[in-house]
Amino acid sequence: MKQLGFELKLYRGTSGVKAATEVTTAKDVTPAHKADEVEASDRRSMYKKYMQGMIDAGVEFSFDFDKTDTHCMAFLAASVNRTDVSVYVELAAGVGLDMDACIFWQNSEQGLADVEKISFSAKPSAKSSRGPNFIIPA
């Protein structure tokens, strides 16, 4: 039986290989795989025509900040030290986005009656020879 909010999974690992360690403490995981909309119209048509351009891929996620959480601290260290991390976000069994990623620390905030939250985004790394790959089983 499916549980709301538990289908999508985030994994991390060493750059260069597919991530295999599930990040169980991440919250609000939001993958992105958005192609640019490139207008390809010509003067013969009264309707605009489009084609897909470059794809902006990545994932955003957050944690309740905890310095004893190895996942949270690994992403914070990768961001501060500018080291790449292997990231795999799985939408369903075997379906997902795999990439070596640059980690960006987006923000840290604490509401008056809430725990401190820290959020990150992961984008494909320009330093890696392992480009992003969206996996769809045959």
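A ring pair (Phe, Tyr, Trp, His ring centres under 6.0 Å) check over residues 68-96, counting only residues at least two apart or in different chains, returns the pairs Tyr11-Tyr88, Phe61-Phe75. Annotation: salt bridge (charged side-chain N to carboxylate O under 4.0 Å, His left out) contacts involving residues 85-111, sequence neighbours excluded, comprise Asp98-Arg130, Asp100-Arg130.
A search for ring-ring contact (aromatic ring centres under 6.0 Å, His included) contacts involving Phe134 returns His33, not counting sequence neighbours. When the side chain to side chain contact (heavy atoms under 4.5 Å, CB included) test is applied to Lys27, the partners found at least two apart in sequence or on another chain are Ser62, Asp64, Lys117. With sequence neighbours excluded, the residues satisfying side chain to side chain contact (heavy atoms under 4.5 Å, CB included) with Thr83 are Ala78, Asn81. In this structure Ser79 satisfies the side-chain hydrogen bond (donor to acceptor under 3.5 Å, both in side chains) test with no other residue, sequence neighbours excluded. Not counting sequence neighbours, the partners of Thr68 by the side chain to side chain contact (heavy atoms under 4.5 Å, CB included) test are Asp66. Residues passing the side chain to side chain contact (heavy atoms under 4.5 Å, CB included) test with Glu116 are Phe65, Ser108, Gln110, sequence neighbours excluded. In this structure Arg43 satisfies the side-chain hydrogen bond (donor to acceptor under 3.5 Å, both in side chains) test with no other residue, sequence neighbours excluded.
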Distance-only donor-acceptor hits, side chain of residues 16-25, under 3.5 Å, sequence neighbours excluded:
unit_1	atom_1	unit_2	atom_2	d
Thr25	OG1	Asp69	OD1	3.3
Thr25	OG1	Asp69	OD2	2.7

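Atom CG of residue Asp36 and atom NZ of residue Lys34 lie 6.5 Å apart, to the nearest 0.5 angstrom.
Side chains of Ser121 and Gln106: a donor-acceptor N/O pair is present below 3.5 angstrom, by distance only.
Between Ala122 and Ala101, the shortest heavy-atom contact is CB-CB, 3.8 Å. Nearest heavy-atom pair, Ser86 versus Thr14, reported as atom, atom and distance to 0.1 Å: CB-O, 3.2 Å.
More than 12 heavy atoms of other shown residues, nucleotides or ligands fall within 6.0 angstrom of atom NZ in Lys127.
With side-chain heavy atoms closer than 4.5 Å counting as contact, directly or through intermediates, the hydrophobic cluster containing Met51 also holds Val38. Residue Ile55 shares its hydrophobic cluster (ILVMFWY side chains chained together at separations under 4.5 Å) with no other residue.
Residues Phe63 and Phe104 fall into different hydrophobic clusters, defined by Ile, Leu, Val, Met, Phe, Trp and Tyr side chains chained together at heavy-atom separations under 4.5 Å. Under a hydrophobic clustering in which Ile, Leu, Val, Met, Phe, Trp and Tyr are joined whenever their side-chain heavy atoms come within less than 4.5 Å, directly or via other members, Met99 and Ile135 fall into different clusters. Transitive grouping of hydrophobic side chains (ILVMFWY, heavy atoms separated by less than 4.5 Å) keeps Leu97 and Met54 in distinct clusters.
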Going through the checks in order, is the side chain to side chain contact (heavy atoms under 4.5 Å, CB included) test met by Phe120 and Glu60?
CA-CA 6 Å; Phe120 300 94; Glu60 294 183 358; over 6 Å; no
Could you walk me through whether Val87 and Val59 pass the side chain to side chain contact (heavy atoms under 4.5 Å, CB included) check?
CA-CA 9 Å; Val87 173; Val59 60; 3.9 Å; yes
Mind running side chain to side chain contact (heavy atoms under 4.5 Å, CB included) on Ile118 and Cys72 for me, showing each step along the way?
CA-CA 8 Å; Ile118 188 166; Cys72 180; 3.7 Å; yes
In sequence, state the C-alpha distance, the side-chain angles, and the governing distance for Glu39 and Lys49, and then conclude on side chain to side chain contact (heavy atoms under 4.5 Å, CB included).
CA-CA 6 Å; Glu39 186 182 343; Lys49 296 178 184 174; over 6 Å; no
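Between Val85 and Ser15, the closest side-chain pair of non-hydrogen atoms is not below 4.5 Å. Side-chain contact between Ser119 and Asn107: present, with at least one pair of heavy atoms (C-beta onward) separated by less than 4.5 Å. Proximity of Met73 to Lys67: side-chain heavy atoms (C-beta onward) are separated by under 4.5 Å at one or more points.
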